[in-house]
Amino acid sequence: LDAAPARVRVRYLLERGRTRNSAGEKAAAVALFTDALAASERDTLPGADFYRVDALHMLGIAAPAPERLQWNLRALAAAAASADPRARGWAAPLENNIGWAYFAAGDAKTALGHWQRAVPLREAAGDARTIRIAKWTVARGHRALGALDEAEAIQRALAAEIELAGAPDGYVYEELAEIAVARGDLEAAAPWAAKAHALLKDDRGVTPARLARLDRVARGIAP
């Protein structure tokens, strides 16, 4: 590596860091991503900005929770300042991550603003799956702010789209159930919750508590 271009070291460190991060070894991952960021400063090949933003973005994932937002904001600024289209392409996932950081901190209004900015970026990229995720997230922000009509309109449009495509999504149905619960309408919530539970019961990303909540709502019991 010492004799190789800086790009080789950057990519090597990034992948080692991702391996550590996936194994739950956050401190080791942060050290590797920090080294990758430093190495990216010496990368003079075309496309260097893409990997620099990648390093910042990974620090925004692996760093201790209080530090993640600032790393993500640095990554977004670096992406926006770049003339490289690939580097600028980081903006959509970064807007998503920044939104979730604000959401976790209890600031749903600021989160929603970031999520809304991600939608046209995803639409410009043209990937149907990530466009749907971006729209779902905007609706989640509306629900958190009590704008239930706006949230429901988006989720119902997504439900129609996924069903037409033959790709049902339990997360969409879960949100429609939660919107009905927020309105105090358990009768309307129950069928959505049942559909969500059937699709999410084997999803490792869904906690037992969420599944138990969906099961209660599906049986018409207040969560």
Side-chain angles (χ1 to χ4, degrees), residues 60-61 65 68-69 72 76 91-223:
I61 292 171
R68 290 174 191 166
L69 178 58
N72 277 306
L76 183 60
L94 288 166
E95 292 283 14
N96 176 73
N97 293 355
I98 291 166
W100 281 113
Y102 277 111
F103 192 84
D107 188 350
K109 183 177 180 180
T110 301
L112 178 59
H114 284 282
W115 291 336
Q116 287 172 324
R117 286 193 285 277
V119 173
L121 296 172
R122 290 299 194 187
E123 289 174 335
D127 182 84
R129 185 184 70 85
T130 56
I131 293 169
R132 285 197 290 266
I133 292 170
K135 290 180 177 178
W136 180 97
T137 312
V138 167
R140 179 67 184 89
H142 282 306
R143 178 167 75 84
L145 292 170
L148 301 181
D149 290 346
E150 291 88 339
E152 184 175 9
I154 295 170
Q155 298 293 3
R156 283 190 176 275
L158 288 173
E161 182 181 332
I162 59 179
E163 287 167 5
L164 184 63
D169 187 328
Y171 292 96
V172 172
Y173 301 145
E174 180 185 31
E175 273 303 298
L176 284 164
E178 291 293 353
I179 291 164
V181 167
R183 288 195 167 111
D185 190 347
L186 284 176
E187 184 177 354
W192 291 120
K195 292 175 73 170
H197 189 277
L199 289 167
L200 298 178
K201 60 184 175 60
D202 298 318
D203 189 323
R204 294 176 63 184
V206 179
T207 65
R210 277 173 68 184
L211 288 174
R213 179 182 175 90
L214 283 170
D215 180 63
R216 287 196 300 273
V217 175
R219 291 184 287 119
I221 302 169

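Here the structure is a predicted model, which is why all the values come from computation and not from measurement. Position 1 is the first residue of the sequence, and the numbers go up from there.
- For the atom pair CH2 (Trp115) and CG (Asn97), the distance works out to 11.0 Å, reported to the nearest 0.5 Å.
- Counting heavy atoms from C-beta on, the side chains of Pro223 and Leu186 come closer than 4.5 Å.
- For the atom pair CD (Glu161) and CD (Glu163), the distance works out to 11.0 Å, reported to the nearest 0.5 Å.
- Residues Ala139 and Ala151 come closest through the heavy atom pair O-CB, 3.4 Å.
- Residue Glu152 forms a side chain to side chain contact (heavy atoms under 4.5 Å, CB included) with just one option from Arg143, Arg183, His142, and that option is Arg183.
- For the residue pair Gly60 and Asn72, the shortest heavy atom distance occurs at O-ND2, 3.4 Å.
- Side-chain contact check for Arg216 versus Arg213: some heavy-atom pair is nearer than 4.5 Å.
- Side-chain contact between Tyr171 and Asp203 is present, with heavy atoms from C-beta onward closer than 4.5 Å.
- Separation of atoms OG1 (Thr207) and CG (Leu200) is listed at 10.5 Å; rounding is to 0.5 Å.
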Evaluate side chain to side chain contact (heavy atoms under 4.5 Å, CB included) for Trp100 paired with Thr137, printing each intermediate quantity in order.
CA-CA 9 Å; Trp100 281 113; Thr137 312; 3.9 Å; yes
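- The closest side-chain heavy-atom distance from Asp169 to Leu199 is not below 4.5 Å.
- Between Val138 and Leu112, the shortest heavy-atom distance links the atoms O-CD1, 3.5 Å.
- Residues Ile61 and Arg68 form no side-chain contact, since every pair of their non-hydrogen atoms from C-beta on lies 4.5 Å or further apart.
- For the pair Gly170 and Ala196, the tightest heavy-atom approach, listed with the atom from each and the gap, is O-CB, 3.5 Å.
- In plain terms, the two heavy atoms of Arg122 and Ile131 that are nearest each other are O-CG1, 3.5 Å.
- Inter-residue side-chain proximity for Glu123 and Lys135 is flagged as met; some heavy-atom pair is nearer than 4.5 Å.
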